Amino acid sequence: MIRMIPSSSESQAKAYFSDVLSKSDYYINDQELQGQFRGLLAERLGIDKPATKGIFYLLCENKNPVTGGSLTPRTKEARIVGYDINFHCPKSLSILHMLAKDNHIMDAFQQSVYETMREIEAESRTRVRKKGAYDDRVTAELAWAEFIHQTARPVGYVPDPHLHAHCFVFNATWDAQEKEIKAGKFRDIKRDMPYFQARFHKRLSDKMIALGYRVRRTDHSFEIEGVPQAAIDHFSKRTNEIGQIAKEKGITDAKELAELGARTRRKKQKKGLGMDVLKTEWKKQIRLLNGDKNLDQGQSIRFATVKETQTPQPEQSVDYALRHCFERASVKPDRRILEHAYRHAIGSPGVSLDTITDCFLRDDRLLHVKQGSQTFTTTKEVLTEEKRMVELARDGRGKFAPLYPQEVPDIKLDAQQSKAVRHVLTTKNLISIIRGAAGTGKTKLMQQAVALIGKIGKKVIVVAPTIEASHGVLKEDGFKDAETVAKLLSSPGLQNSLNGQVLWVDEAGMLGTKDMTALIELATKKNARLILGGDTRQHSAVVRGDALRILNTVGGIKAAEVEKIYRQKNEYYRAAVEDLSKGAIGDAFEKLESMGSIKNVDLLNPHEALVNDYTDALKRKKSALVISPTHKHGDAVTAEIRKKLRQLGLIGKKEITVKWLVNLNLTQADKEDWRSFRDGHVIQFNQHVAGGKRGSVWAVKSTSDRDVIIQDTEGKTMSLPRDKASRFDVYRKTEIGISTGDSVKITRDSLDEKKKRLNNGMTFDVVAIDKKGNIILRNKRSKATYSLKADFGHMTHAHCITSHASQGKTVDEVFIAQPASTFPATDLKQFYVSVSRGKHNVSIYTDDKAALLEHASNMRDRYSALELLSGETVHEQHIALKQRNDYASPGKDKAVTKDHLKNMATKDKDYEPEL
């Protein structure tokens with residue numbers, strides 16, 4: 001793991017040196033080694049030598065240690081002094097280093113740290129602001145103080161073994177063109193830290209294999225085979241301590257976790273515990289662990305270097321990364337793709353970092369566009385898919401006679417809604433779009449339009465992307481025959497009912513390009529009109545492609561806008577939601593502030609105010625919703641809500657423990673890779689496979705590079721058909737407590753004990769737990785009851801949900817838990833969806849209002865391939881280079897030209913403006 005933590009003041013940096021990096025100029029004792037100044041800037045300054053307190057302090061003061069003068073031209077009072085980039089060794093390596101009789105592991109670790117820091121240094125930049133310039137310049141020179149530590153902060157008397165390094169990089173770099181040392185710009189380095197981390201893990205794992213160790217890839221790094229998990233867990237006391245505190249405080253963000261570690265840091269033990277004493281104590285602890293008695297008694301887990309039986313190819317790692325990344329995105333920064341490719345190659349020393357990078361850059365399936373300091377990548381397949389969708393939509397213009405060629409009957413709706421209904425009734429196009437903000441009465445509009453279409457003898461088939469929207473919301477709103485898009489695309493009978501009729505897709509903003517293209521092809525084949533209703537400002541599809549937005553903005557398909565909001569009854573609240581729907585986040589914040597809706601939380605008890613306000617709304621018989629941007633933070637809020645509800649007698653005192661299967665949401669590429677599976681993971685089939693029925697549940701028993709063996713509840717075993725990855729889901733098994741009065745949510749389409757259908761996303765109240773331990777649920781609206789066994793598995797608490805799960809819901813009052821720990825998941829769409837759920841009131845609980853405004857201002861729209869490769873975003877040098885490469889290689893497709901891309905992606909002369 002690598003973390004990058006800024007030091008925002010001179011005093012903070014000095015204190016960090018004394019408390020964390022070094023307790024004296026040289027040694028604490030033999031636990032930690034002498035620090036060293038490194039980097040090309042350190043060499044330029046002549047300080048590439050042992051790191052002393054005096055030199056470190058002068059650099060913190062922005063002084064040149066040699067001349068005593070100012071290091072950079074300006075020394076601001078409030079400035080970033082530097083960044084602690086800390087590298088953490090996998091725990092199994094720390095344990096083996098502790099047992100080793102030499103420093104071969106430390107040497108491999110230190111070399112990996114140094115090589116990664118040199119790569120980071122090569123990317124260093126500074127701002128250029130002279131003579132009207134406004135740019136950044138690569139400088140490739142930094143100075144940092146490196147400290148290697150061998151122990152973690154103590155939890156108790158003796159610290160755990162923990163080999164790690166702190167590289168404190170000073171905020172200075174040499175600008176060769178301006179011939180001076182200037183402040184650096186580290187934003188891009190911080191952004192790309194996952195990329196550097198993947199390279200660090202890959203090179204360290206390769207060095208360990210070269211030393212005779214065998215590695216196994218983990219979710220975030222790797223471990224050494226042969227080191228028992230019990231030992232790894234035992235020597236993770238500090239990690240577990242931070243994790244427990246984080247859980248109690250609802251902290252999930254990596255930055256917040258790092259700062260929590262700093263805030264809870266204990267003083268190091270006094271001198272006297274040398275490494276010989278510590279090693280004796282650690283070996284004693286190992287002997288006390290059951291099953292691990294021989295680890296420190298000569299048991300070797302080093303072997304001769306293993307020759308790989310099959311020579312791995314870099315193409316395999318690149319192919320995995322492409323399939324993994326482009327399943328859910330049309331465009332990715334190149335370094336996010338390479339990060340996954342490097343991680344895939346951990347354990348294969350024959351595939352080097354350079355060969356993977358070279359293979360990626362030579363892959364003729366890819367298109368790269370440089371924008372500023374970043375390069376973005378898409379594929380020819382994605383581009384072709386989007387082009388096909390847009391071309392089908394454009395080909396459908398003017399192909400139909402209007403449904404109402406003469407006068408449209410009187411429409412009893414407001415002006416905007418009436419105009420939208422007239423649009424779909426009078427258009428000559430295959431596709432028409434109705435785009436409406438949250439709470440604008442799209443359902444009412446839809447009901448009126450469907451009724452008028454029915455009057456002329458046309459049938460309207462209504463579908464939605466999710467079961468919750470189709471079988472829940474739409475059926476409750478009167479569309480009793482509504483189905484999912486997936487059901488329509490897989491049912492020939494339902495498709496035949498479309499002949500010459502009208503297909504209406506609700507929540508169409510949640511469709512990806514593949515499903516949207518399939519719907520357009522189906523409508524074209526069946527000579528049916530296609531009406532797409534949705535809001536591109538709310539959450540989009542999980543799979544790649546924001547299809548509705550692409551059709552409207554890139555394809556030029558007309559959209560009838562419905563913007564007048566009716567849901568919010570308070571005029572200030574309604575005005576704030578209107579601002580959010582238009583992207584005016586600053587104006588919306590001002591209105592929410594004036595309403596008293598944005599509330600500062602007590603850092604020592606961050607959930608207290610929300611929980612009290614929420615339970616008060618329930619006591620007033622108001623419908624209410626609690627929303628958090630992340631599942632992890634939502635779990636912490638849920639725990640506090642349930643504690644309060646139990647105190648108030650709103651949920652029962654008795655609690656039973658039930659199984660919950662957490663979907664790992666693996667991509668197809670992940671499910672095809674045997675290393676993604678762990679013993680105990682649960683497999684459930686969505687479709688029949690040889691030896692496994694649809695719905696059957698299996699447990700992973702063993703994994704190897706040859707096979708993943710699974711076992712059902714009756715003891716039958718079989719090989720997991722990873723080549724049919726779309727036919728199963730993978731879960732992690734855990735447990736939750738359930739009491740009468742709890743609000744719960746179904747997490748997978750299922751059947752109850754009486755074979756009654758339960759849909760993913762449906763919420764229920766727990767009304768009883770019978771003598772057999774069965775859980776009796778009741779639907780809040782229909783009052784229908786269901787019975788589930790405690791081992792059902794696909795049910796969790798619904799006291800606090802994410803904004804994705806809240807989309808489409810309406811309540812009296814909404815309460816939003818949005819502290820700084822959730823900001824990585826915060827953007828304008830998330831904030832807009834969350835805030836717009838309430839009718840009468842919204843309350844937002846945060847510990848940093850200014851930062852919340854900054855993060856909520858980020859629209860975070862996903863690029864389409866057409867948008868990336870069009871207009872001003874096209875990088876002409878890339879296109880020219882691509883053309884030369886393609887024409888120089890016989891048999892390759894000719895390059896995509898800039899003009900062709902512009903013609904595809906820009907609005908043509910037939911473009912119809914929005915109504």
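Everything quoted here is computed from the prediction, not taken from an experiment.
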Novice: I'd like to know if K442 pairs up with D506 as an ion pair, taking the criterion as any Lys NZ or Arg NE/NH1/NH2 lying under 4.0 Å from an Asp or Glu carboxylate oxygen.
Specialist: no

Novice: Step by step, work out the side chain to side chain contact (heavy atoms under 4.5 Å, CB included) result for Q417 and V421.
Specialist: CA-CA 6 Å; Q417 292 172 332; V421 173; 5.6 Å; no

Novice: Counting only heavy atoms not in K643 (residues, nucleotides, ligands), do more than 12 fall under 6.0 Å from its NZ?
Specialist: no

Novice: Checking K599 against D613 for the salt bridge (charged side-chain N to carboxylate O under 4.0 Å, His left out) test, could you report, in this order, the C-alpha distance in whole Å, the side-chain angles of both residues, the deciding distance, and whether it holds?
Specialist: CA-CA 11 Å; K599 304 180 180 184; D613 292 347; 3.4 Å; yes

Novice: Answer whether the closest heavy-atom distance between the side chains of F792 and I775 falls below 4.5 Å.
Specialist: no

Novice: K783 and K780: which non-hydrogen atoms are nearest, and at how many Å?
Specialist: NZ-O, 3.0 Å

Novice: What distance do I746 atom CD1 and M762 atom CE have between them, rounded to the nearest 0.5 Å?
Specialist: 7.5 Å

Novice: Would you say K829's side chain and T826's backbone share a donor-acceptor pair under 3.5 angstrom?
Specialist: no

Novice: For the side chain of S739 and the backbone of K654, is there at least one donor-acceptor N/O pair under 3.5 Å apart?
Specialist: yes

Novice: Any carboxylate oxygen within less than 4.0 angstrom of a Lys/Arg side-chain nitrogen, looking at D587 and K591?
Specialist: no

Novice: Between Y573 (side chain only) and M595 (backbone N and O only), is there a donor and an acceptor less than 3.5 Å apart?
Specialist: no

Novice: Donor-acceptor pair, distance only, cut-off 3.5 Å: does the side chain of S418 make one with the backbone of L413?
Specialist: yes

Novice: So, R574 and E571, do they make that salt bridge, N to O below 4.0 Å?
Specialist: no

Novice: Please determine whether side chain to side chain contact (heavy atoms under 4.5 Å, CB included) holds for the pair V577 and V835, giving the CA-CA distance in whole Å, both sets of side-chain angles, and the decisive distance to 0.1 Å.
Specialist: CA-CA 7 Å; V577 173; V835 170; 4.2 Å; yes

Novice: Would you find more than 12 non-hydrogen atoms of other residues, nucleotides or ligands less than 6.0 Å from R757 atom CZ?
Specialist: yes

Novice: Crowded around H840 NE2? As in, over 12 foreign heavy atoms under 6.0 Å?
Specialist: yes

Novice: Heavy atoms, side chains only, cut-off 4.5 Å: are H799 and L645 in contact?
Specialist: yes

Novice: Decide if atom NZ of K564 counts as having more than 12 heavy atoms of other residues, nucleotides or ligands within a radius under 6.0 Å.
Specialist: no

Novice: Are D752 and K754 within salt-bridge range, i.e. N to O under 4.0 Å?
Specialist: no

Novice: So if I apply the side-chain contact (heavy atoms from CB on, under 4.5 Å) rule between T846 and each of T822, L852, I816, which one comes out positive?
Specialist: L852

Novice: If I take atom CZ from residue R620 and atom OG1 from residue T615, how far apart are they, to the nearest 0.5 angstrom?
Specialist: 10.0 Å

Novice: Without swapping roles, check the side chain of H681 against the backbone of R678 for a donor-acceptor pair under 3.5 Å.
Specialist: yes

Novice: Does the distance from a Lys or Arg side-chain N to an Asp or Glu carboxylate O, for E655 and R642, drop under 4.0 Å?
Specialist: yes

Novice: Kindly compute the distance separating CG (D791) from NZ (K733), expressed to the nearest 0.5 Å.
Specialist: 10.0 Å

Novice: In the structure I gave you, are the side-chain heavy atoms of V601 and E608 within less than 4.5 Å of one another anywhere?
Specialist: no

Novice: Quick check against the 3.5 Å criterion: does D847 have a side-chain atom that pairs as donor or acceptor with the backbone of A820?
Specialist: yes

Novice: Can a donor-acceptor pair be found, under 3.5 Å and without considering hydrogens, that links the side chain of S597 to the backbone of E593?
Specialist: no

Novice: V833 and S803: which non-hydrogen atoms are nearest, and at how many Å?
Specialist: CG1-O, 3.4 Å

Novice: What's the shortest heavy-atom distance between I80 and P6, and which atoms?
Specialist: CD1-CB, 4.1 Å

Novice: Are the side chains of V562 and L445 in touch, meaning some heavy atoms are under 4.5 Å apart?
Specialist: yes

Novice: Just by distance, do the side chain of Q568 and the backbone of S836 share a donor-acceptor pair under 3.5 Å?
Specialist: yes

Novice: Which pair of heavy atoms, one from V814 and one from S834, lies closest together, and at what distance?
Specialist: CG2-O, 3.7 Å

Novice: Mind running side chain to side chain contact (heavy atoms under 4.5 Å, CB included) on D812 and N841 for me, showing each step along the way?
Specialist: CA-CA 7 Å; D812 293 326; N841 190 45; over 6 Å; no

Novice: Does H794 have its ring centroid less than 6.0 Å away from the ring centroid of Y731?
Specialist: yes

Novice: Is there side-chain contact between F831 and Q818, with heavy atoms separated by less than 4.5 Å?
Specialist: yes

Novice: First locate atom CZ of R537, then atom CZ of R549, and finally report the distance between them rounded to the nearest 0.5 Å.
Specialist: 12.5 Å

Novice: T810 and side chain to side chain donor-acceptor pair (under 3.5 Å): which single residue from K839, R837, R567 fits?
Specialist: R567

Novice: Tell me, yes or no, whether the heavy-atom count around Y572 atom OH, taken from other residues, nucleotides or ligands under 6.0 Å, exceeds 12.
Specialist: no

Novice: Return the NE2 to CD distance between H539 and E507, rounded to the nearest 0.5 Å.
Specialist: 11.0 Å

Novice: I want to check something: taking the side chain as every heavy atom from C-beta on, are N665 and R328 in contact at a cut-off of under 4.5 Å?
Specialist: yes

Novice: Taking D770 for its side chain and K772 for its backbone only, find out whether a donor-acceptor pair lies under 3.5 Å.
Specialist: yes

Novice: Working to the nearest 0.5 angstrom, can you tell me the gap between I736 CD1 and W660 CH2?
Specialist: 6.5 Å

Novice: Between R646 and G652, what is the shortest heavy-atom contact and its length?
Specialist: NE-O, 3.0 Å

Novice: In sequence, state the C-alpha distance, the side-chain angles, and the governing distance for K849 and N600, and then conclude on side chain to side chain contact (heavy atoms under 4.5 Å, CB included).
Specialist: CA-CA 8 Å; K849 291 183 181 180; N600 281 317; 3.6 Å; yes

Novice: Please check: side-chain N/O of K756 versus main-chain N/O of S787, any donor-acceptor pairing under 3.5 Å?
Specialist: no

Novice: Regarding T638 and H797, is there a side-chain donor-to-acceptor distance under 3.5 Å anywhere?
Specialist: no

Novice: Would you check if N663 and T747 make a side-chain contact, meaning some heavy-atom pair closer than 4.5 Å?
Specialist: no

Novice: Grab the two heavy atoms, one from I434 and one from A420, that are nearest each other, plus how far apart they are.
Specialist: CD1-O, 4.1 Å

Novice: Do M446 and F479 come close enough that some side-chain heavy atom pair is under 4.5 Å?
Specialist: yes

